[in-house]
Amino acid sequence: MRYNRPRLLTPPREEEEVYPYRRAWGSIIREIGILTVMSAVFYAIGWVGITIPERIHAPMNYILPFVPVGLWFYFSAWRESRVLEPRRQLLAVMLVSGLVANGLGVPFINALNPTEWLASASSFERIFGYMLTVGLVQQGLVYMVLRVILWQDGFRNRWDTLAYASAAAVGYATVTNLHLITAGVISPDVLALRIYTNVVIHYASCVILAYGLSELRFNPKVFFIMPMAMLVSALVTGAIISIRATLTNSGFVLGVGGTRPLFGFAFSLGVVVVVFLLTAFFFNHAERREREASEGN
């Protein structure tokens, strides 16, 4: 007589909690990382002396400004649509930021023409000059876009401010990159490095602005953080523009000649890495502080 072995009943495994939002930092790091590699390849092309045929300069120059927004569409917008609770106004923020940049930001900065009257200024004067013109204009317009579109019900948590700020950054940066080619067709390897600098400026500044917005929205008692974040983001813009130009255009930098674009490229990369690390620390600290406060209650 055969006996069936009794089945051991085991409790079902508790399902791992599914994170309902897209992780904004992961998308930002991938976008900047790929753009960094691409820019390094273009730098290497120029450094080894490979000449890009002139007949493809114009097509490449019209494609390159759209590479950052293409990366954003894949790593941010498309992946956003695949999570449980997507941020539904990302595309609107990106498009409106680009329109505001084209209609207000770029024309206003061109009218100010800070490059001309800061040409003979000292290093500190150039940094603060670009901060008070380019930096404050760009970050002020981005703040207005985010505040008008999202303030009522767009920010559900702190990370929403980061996701939307990066969308504003890529929209604004795409317009400024397109304006680089309106003055004439330049070599794609030169254009790629200038595009990289523009994107780095906007991403670095906007993540700082995102932290200020998150404090203003979720910790409004500390009201001074938002204006401080605005000033710091504008200062980062002024510093990158001024110092990178000095490193790139100086004939003899740190005892080494002939590698001027590399110093500007490395400086831009170094700034964005430091800004990302510091801002991520402040975001995590703020979130941990709120979690501990809620558990204490």
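All values reported here derive from a predicted model rather than from experimental measurement.
Residues in residues 119-129 take part in no salt bridge (Lys or Arg N to Asp or Glu O under 4.0 Å) pair, two or more places apart or across chains. Residue pairs satisfying the side-chain hydrogen bond (donor to acceptor under 3.5 Å, both in side chains) criterion with at least one member in residues 93-103, sequence neighbours excluded, are listed as follows: Asn102-His179. Pairs passing the side-chain hydrogen bond (donor to acceptor under 3.5 Å, both in side chains) check and including a residue from residues 135-144, sequence neighbours excluded, read Tyr143-Arg147.
Between the Trp117 side chain and the Leu112 main chain, a donor and an acceptor come within less than 3.5 Å of each other. At least one donor-acceptor pair under 3.5 Å links the side chain of Ser233 to the backbone N or O of Met230. One N or O on the side chain of Ser205 and one on the backbone of Ile201 form a donor-acceptor pair closer than 3.5 Å. In terms of modelled atom types and a separation under 3.5 Å, the side chain of Arg87 and the main chain of Arg22 share a donor-acceptor contact.
Distance CD1/Ile243 to OG1/Thr248: 11.5 Å, rounded to 0.5 Å. Remark: Lys221 NZ to Leu216 CG distance equals 14.5 Å, nearest 0.5 Å. Between the CG atom of Asn284 and the CZ atom of Arg158 there is a distance of 10.5 Å, given to the nearest 0.5 Å. Expressed to the nearest 0.5 Å, how far SG of Cys206 lies from CD1 of Ile28 amounts to 9.5 Å.
Here Pro53 pairs with Arg55, Ile56 under the side chain to side chain contact (heavy atoms under 4.5 Å, CB included) rule; sequence neighbours left out. Residues passing the ring pair (Phe, Tyr, Trp, His ring centres under 6.0 Å) test with Tyr203: none are found, sequence neighbours excluded. Contacts of Thr176 classified as side-chain hydrogen bond (donor to acceptor under 3.5 Å, both in side chains), with partners at least two apart in sequence or in another chain: none. Under the rule for a ring pair (Phe, Tyr, Trp, His ring centres under 6.0 Å), Phe75 has no partner lying at least two apart in sequence or in another chain. Not counting sequence neighbours, the partners of Phe73 by the side chain to side chain contact (heavy atoms under 4.5 Å, CB included) test are Val69, Ala77, Leu91, Met94. For Asp189, there are no salt bridge (Lys or Arg N to Asp or Glu O under 4.0 Å) partners at least two apart in sequence or on another chain. Residues satisfying the side chain to side chain contact (heavy atoms under 4.5 Å, CB included) criterion with Arg82, sequence neighbours excluded, are Trp78. With sequence neighbours excluded, the residues that form a salt bridge (Lys or Arg N to Asp or Glu O under 4.0 Å) with Arg289 are Glu215. With sequence neighbours excluded, the residues that form a side chain to side chain contact (heavy atoms under 4.5 Å, CB included) with Gln89 are Ile149, Leu150, Tyr164.
Taking a 6.0 Å sphere around CZ of Phe218, one finds it holds more than 12 heavy atoms contributed by other residues, nucleotides or ligands. Counting non-hydrogen atoms of other residues, nucleotides and ligands closer than 6.0 Å to CZ of Phe267 gives a total above 12. Few gaps surround CZ on Arg244; more than 12 heavy atoms of other groups in view lie less than 6.0 Å from it. Within a 6.0 Å sphere centred on CZ of Phe276, other residues, nucleotides and ligands contribute more than 12 heavy atoms.
The shortest distance between side-chain heavy atoms of Tyr196 and Thr36 falls below 4.5 Å. At least one side-chain heavy atom of Ile225 sits under 4.5 Å from a side-chain heavy atom of Tyr211. Taking the side chain as every heavy atom from C-beta outward, Met131 and Leu231 approach each other to under 4.5 Å. In this structure, the side chains of Glu287 and Trp159 come closer than 4.5 Å at one or more pairs of heavy atoms. Residues Phe283 and Val207 form no side-chain contact, since every pair of their non-hydrogen atoms from C-beta on lies 4.5 Å or further apart.
A donor-acceptor contact closer than 3.5 angstrom is absent between the side chains of Ser27 and Arg79. Donor-acceptor pairing under 3.5 Å is lacking for the side chains of Thr161 and Arg217.
Ring-plane geometry between Phe281 and His285 is classed as parallel, the angle between the planes falling under 30 degrees on a 0 to 90 degree scale with a further cut at 60.
Here the closest heavy-atom approach between residue Gly238 and residue Tyr130 is recorded as CA-CB, 3.6 Å. Counting all heavy atoms, side chain and backbone alike, Asn177 lies closest to Pro65 at CB-CB, 3.9 Å.
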